[in-house]
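Numbers for residues simply follow the sequence, beginning at 1.
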Amino acid sequence: MIDLHKTLRKNIIREFKSSFPRFISITILLALGAFVLIGLKVTGSDMRTTGNQYFSQHKMADAQVTSAVGFNQKDRNYIDQMDHVKQSEFSIYQDALMSDSHKTIRLNEKTSKLSMYKVIQGRLPQKTNEIALSKYEKGNYKVGQHIKLVGNDGKKQAAGLKHSSYKIVGFVTSSDYMQKNDLGVSNKGKGQIDTFGVLTKSSFSNQTPNVAKISYDNLQGKSYSKQFEKQLNKNVDQAAPGMAKRADQRQAEIKQNKRDQLKSAQAALDKQKENVQEKKSQLTQAKAQLEQNQAKLQQAQGQLADSKTQLAQLPAGAQKDALSQQQQAKMQQIYTQEAQLRSRQRQWQQNSQDLQDAQKRISASDKKLAEQNKKINQLSGLTYQLQARNDYNQGYNQFGEAAERIDVLSNTFPLIFFAVAILVTLTTMSRMAEEKRTDIGAMRALGYTKFDTMKLFLTYGTSTAVLGTAIGAYLGTWLLPDRIYVAYAANLAVPDLKTPPSWLWIGISLLFALLCTVVPSVYAAWRSLQEQTADLLVEKPPKTGSKVLLEKIPFIWKKMSFNQKVTIRNLFRYKSRMFMTIIGIFGCTTLLITGFGMRDSINGIIDNQYQKITHYDVIGVYDPSASQQQKDDYQKQIDNIDTVKRQDNIYYESATAKPKGLINNQQVSMIVPQHQKGFSDFITLRNSDNHKKLKLKNNGAVITQKLAKLGDYQVGDHISLKDNAGRTHRIKISAIAEMYAGHDVVLNSNYYQKVFGKKVEYNAKMLNLKDRSSGNIDWASRQLNKQDAAVTAVQSNQAKTRINTVLDGLNSIVLIIVLASSALSFVVLFTLTNINVSERIRELATLRVLGFYQRETVMYVYRETSILTVLGILVGFGGGYYLHHFIMKTLPPNNAMADMTLHWSNLGLSTGLTLLFSLIVMVVMARKISKIDMLEALNSAD
């Protein structure tokens with residue numbers, strides 16, 4: 001007796017073998033869909049999970065407060081008592097240069113509660129001459145080695161440190177420094193912090209803390225979640241005005257202390273003046289006394305001369321001898337008086353000189369006290385800068401934005417990938433069930449149950465779904481997230497990515513895969529099972545042809561060849577196949593155009609920004625309250641830099657804005673040029689629509705395009721800017737300028753005075769250099785920062801470097817998308833063409849019997865495929881345009897804007913690849929057609 005179940009199993013295995021290309025193509029389609037869906041959906045989540053673990057290990061602070069003058073006990077008490085402050089830790093930081101590499105290093109006090117340092121090798125410092133460095137310095141230094149830290153001159157010991165030489169005792173990581181370089185601004189070196197180190201508190205000569213780390217007790221959720229970030233920024237925003245007031249109080253205290261010191265100095269000076277006046281009076285009296293003595297001496301000398309004359313006239317004798325002795329005594333007395341008078345005159349002259357010196361010193365002290373009083377009156381700008389993680393830690397912000405950009409991609413590309421894969425898979429499996437119609441009838445006739453007849457479709461569909469999902473899930477869980485993460489983390493100091501399986505998205509992928517493979521085939525088979533077995537054993541007649549619209553246009557139809565007419569009729573004869581092919585090619589072309597367009601748009605950010613808009617190289621920021629001599633020295637240094645081609649005065653301040661709808665602040669450069677006429681030599685302000693140059697007005701400011709887009713600002717609206725002190729200023733928008741990198745707000749001096757209530761005090765020099773190489777820009781920045789008046793040097797290529805890092809990460813994602821889209825395009829073409837050929841085996845065999853050559857038979861099918869491919873490509877041009885536009889509006893970081901233009905090369909490459917895949921499929925199908933057994937194909941089932 002025949003074992004029906006064994007025969008059924010053999011039949012199922014035979015079906016797998018006979019339709020292996022179809023099995024592989026469906027598996028690849030589902031794998032690609034799962035790969036892109038799972039890979040993009042989990043990467044952002046995996047990055048945030050990895051980041052949160054990293055932040056927890058380092059006990060990362062939620063916010064920090066920095067002060068240029070340090071915190072006194074009142075400040076510390078105030079910060080500790082701010083609303084919702086759970087914990088605080090005060091520490092010291094100081095910048096210096098590493099003598100051997102000229103790198104700018106930020107030296108931090110070892111912390112024990114917040115923003116702690118995790119040891120990778122060695123240990124943390126314990127003595128005053130020990131240091132632990134960033135782990136990214138391991139390639140440059142070794143534990144036990146000594147490094148020398150110096151000031152800006154590169155020779156003297158760095159100010160604020162007790163030693164110049166430190167022993168390296170370990171290498172560490174820190175959640176506060178999540179970038180490998182460009183860790184912030186400094187007044188040392190080239191103006192950028194290159195690395196960091198850790199010292200003990202006793203290593204600093206000034207023990208006053210200048211940074212406070214803070215954690216809050218009302219934060220819910222994890223880092224980067226909307227709930228967490230929104231509450232954190234709310235805490236900071238609510239505390240900022242209080243910190244500004246506290247800074248004002250501290251400034252008033254400092255002023256009062258300085259005034260008290262000045263008052264004491266003035267009192268001491270006044271006492272010195274009294275003493276000098278008293279000595280002057282005494283000298284005057286002494287001078288009168290000397291003059292009297294001088295007169296008396298002259299009188300005595302006259303009397304002595306008269307006596308000598310009388311003595312000469314007397315005759316010799318006792319009387320003359322007695323008188324001579326008297327003259328001798330008188331003369332001796334006069335000589336003594338002369339000596340005393342000369343001594344007193346010399347003493348008086350010395351006292352007079354001392355008095356003059358004292359008067360000069362008093363005059364100098366008077367001048368110095370007047371200058372100090374003027375400085376005290378001008379003392380302003382003391383700030384306590386309170387910032388949340390996203391503001392003080394650019395690496396944290398960049399890491400979060402990278403995860404968000406991947407989330408944006410995960411909401412678009414996977415949908416298209418899966419839509420195309422689902423569409424093609426549905427068609428393939430439905431066609432498979434229809435092909436097996438006679439087999440279903442035969443099995444029913446042999447006594448198989450309805451469930452037995454559907455086992456083939458259940459097994460086939462489940463196998464492809466499970467295998468495709470498994471492959472896609474494996475690659476999407478580990479390969480794709482890791483590749484994306486490596487690209488984005490190239491400039492970030494972050495740990496290896498944690499990639500736990502996402503059973504949710506794996507389950508969703510498997511569910512969709514099963515719905516695509518099992519449901520349509522089972523449904524088609526179930527419909528067939530509703531018919532009589534005898535009817536199932538008879539093949540369905542081929543689809544009848546019908547007239548097409550083109551036949552009603554005789555002057556076109558009559559000029560067409562036989563093959564062209566057949567092709568047109570076949571296209572409309574199989575409408576579902578036609579639409580399926582067009583939609584499949586449309587989806588693949590859309591993805592390819594978007595991928596190639598993203599690459600060019602991303603790379604165009606830098607070209608547009610630094611060739612057409614930004615022309616300056618360095619902004620040298622200095623302290624406007626420095627002495628005039630120090631400011632003159634700063635200007636002299638600029639004049640001594642041979643490569644300076646052009647310079648101008650500006651006011652420069654780094655501020656923040658929070659556009660409507662955003663949770664995190666945006667860093668904004670506020671600029672007030674002194675001379676509007678020549679400002680275009682440094683920054684070109686032009687209208688984003690017509691590229692006409694913009695002028696600064698007295699009733700508003702020019703803001704840049706991406707900032708306007710983020711907040712949906714229009715001309716005439718107002719934007720709020722928060723300065724370093726935490727004070728908010730409302731600024732009217734007079735124009736919106738084209739800008740692709742960074743946020744700028746540019747005002748003229750009149751409007752600045754109107755908004756801020758004070759005259760602009762220019763604090764920076766904007767420079768164009770003849771030699772625009774990064775090495776020369778660094779050198780010029782170092783020369784400026786060596787001056788006593790220097791605050792920092794802002795380089796235009798800083799933003800370029802940061803954006804290039806982001807763009808490199810996006811380029812890697814684009815490459816993955818292009819490769820996946822290319823694979824999808826090829827598999828879709830292969831699968832649909834394979835279905836087309838498989839369904840028309842008898843038709844193709846008939847053509848061969850009728851005498852068609854092999855090439856003609858192939859072209860009979862390929863002519864239809866090529867037309868549908870071209871139509872799909874043309875429709876894909878529109879889809880690619882809109883998808884590219886949508887992606888490039890949302891994908892770039894918040895401080896960058898992409899060029900929306902699609903280049904002809906994007907369309908050409910996408911078209912060329914699709915046509916190439918079509919040609920390869922044609923070659924493969926030609927081999928299949930050549931192997932058709934005409935006799936077997938024409939043998940009717942009945």
Side-chain angles (χ1 to χ4, degrees), residues 63-64 178-179 182 184-185 223-224 226 228-237 240 383 385-405 407-408 605 609 613-614 619 652-671 683 685 688 701-714 717-733 735-747 755 794 796 798-803 805-807 888-898:
Q64 76 171 20
M178 290 183 62
Q179 292 172 288
D182 189 12
V185 297
S223 299
Y224 301 122
K226 286 186 177 180
F228 180 91
E229 299 294 342
K230 190 173 182 179
Q231 186 61 55
L232 174 56
N233 282 290
K234 184 179 179 181
N235 289 346
V236 171
D237 291 341
T383 60
Q385 193 170 18
L386 173 61
Q387 295 176 300
R389 289 180 179 182
N390 262 301
D391 295 326
Y392 79 80
N393 190 336
Q394 288 303 307
Y396 176 90
N397 184 41
Q398 185 179 326
F399 191 77
E401 281 198 2
E404 284 184 12
R405 285 191 287 276
D407 290 341
V408 170
I605 292 176
Q609 180 69 28
I613 297 171
T614 299
I619 296 177
Y652 179 88
E653 182 178 349
S654 180
T656 58
K658 187 180 289 183
K660 294 172 286 187
L662 290 187
I663 295 176
N664 296 320
N665 292 322
Q666 297 298 306
Q667 298 297 321
V668 177
S669 296
M670 184 169 64
I671 299 173
I683 298 177
L685 297 178
S688 57
V702 175
I703 73 169
T704 47
Q705 195 174 358
K706 186 59 183 282
L707 187 59
K709 286 183 178 294
L710 288 175
D712 195 24
Y713 296 117
Q714 305 294 328
D717 292 345
H718 288 79
I719 184 173
S720 295
L721 285 188
K722 185 184 290 184
D723 59 23
N724 288 335
R727 298 180 179 87
T728 301
H729 306 276
R730 198 162 177 261
I731 294 176
K732 184 179 179 182
I733 301 170
I736 297 173
E738 181 180 8
M739 186 74 72
Y740 294 92
H743 304 310
D744 289 347
V745 173
V746 187
L747 312 81
V755 172
V794 180
S796 64
Q798 288 178 11
K800 186 192 299 186
T801 302
R802 285 194 293 268
I803 292 171
T805 301
V806 175
L807 299 187
M888 296 320 298
K889 279 177 65 177
T890 54
L891 183 63
N894 285 334
N895 65 342
M897 188 179 68

Hey, what do you get for CG (Leu707) to CD1 (Ile736), rounding to the nearest 0.5 Å? 9.0 Å

To the nearest 0.5 Å, what is the distance between CD (Glu653) and CG (Leu721)? 9.0 Å

Greater than 12 external heavy atoms within 6.0 Å of Lys660's NZ: yes

Show your working on side chain to side chain contact (heavy atoms under 4.5 Å, CB included) between Met897 and Gln705 and close with a plain yes or no. CA-CA 8 Å; Met897 188 179 68; Gln705 195 174 358; 2.9 Å; yes

CD/Gln64 to CD/Gln385 distance, rounded to the nearest 0.5 angstrom? 8.5 Å

To the nearest 0.5 Å, what is the distance between OH on Tyr740 and OG1 on Thr614? 11.5 Å

Salt-bridged, Lys732 to Asp717, with N to O below 4.0 Å? no

Could you check Asn397, Asp237, Asp391, Asn390 and say which one makes a side chain to side chain donor-acceptor pair (under 3.5 Å) with Asn665? Asp391

First locate atom CD1 of Ile619, then atom OG of Ser796, and finally report the distance between them rounded to the nearest 0.5 Å. 8.5 Å

Say whether, by atom type as modelled, one donor and one acceptor occur between the side chain of Gln666 and the main chain of Ala657 under 3.5 angstrom. no

Nearest heavy-atom contact between Tyr396 and Ser223 is OH-CB, 3.4 Å

Go through the steps for Met178 and Gln398 under the test side chain to side chain contact (heavy atoms under 4.5 Å, CB included), then give the verdict. CA-CA 9 Å; Met178 290 183 62; Gln398 185 179 326; over 6 Å; no

Side chain to side chain contact (heavy atoms under 4.5 Å, CB included) assessment of Ile731 paired with His718: CA-CA 5 Å; Ile731 294 176; His718 288 79; over 6 Å; no

Mind listing the closest non-hydrogen atom pair of Asp723 and Ala655 along with its distance? CA-CB, 4.5 Å

Working for side chain to side chain contact (heavy atoms under 4.5 Å, CB included), residues Lys706 and His743: CA-CA 7 Å; Lys706 186 59 183 282; His743 304 310; 3.9 Å; yes

At their closest point, which heavy atom of Val755 faces which heavy atom of His729, and how far apart are they? CG1-CB, 4.0 Å

Any idea which heavy atoms bring Tyr652 and Ser669 closest together, and the distance? OH-OG, 3.3 Å

Residue pair Val745 / Val702, side-chain heavy-atom distance below 4.5 Å: no

Do Ile683 and Asp744 have side chains that approach each other closer than 4.5 Å (heavy atoms only, starting at C-beta)? yes

When rounded to the nearest 0.5 Å, the distance separating CG of Leu710 from NZ of Lys658 is 13.5 Å

So which atom in Arg389 and which in Leu232 form the shortest heavy-atom distance, rounded to 0.1 Å? N-CD2, 4.2 Å

Of all heavy-atom pairs linking Ala63 and Leu386, the shortest is CB-CD1, 4.3 Å

What is the ring orientation for Tyr224 with Phe399, classed by angle as parallel under 30°, tilted 30 to 60°, or perpendicular over 60°? tilted

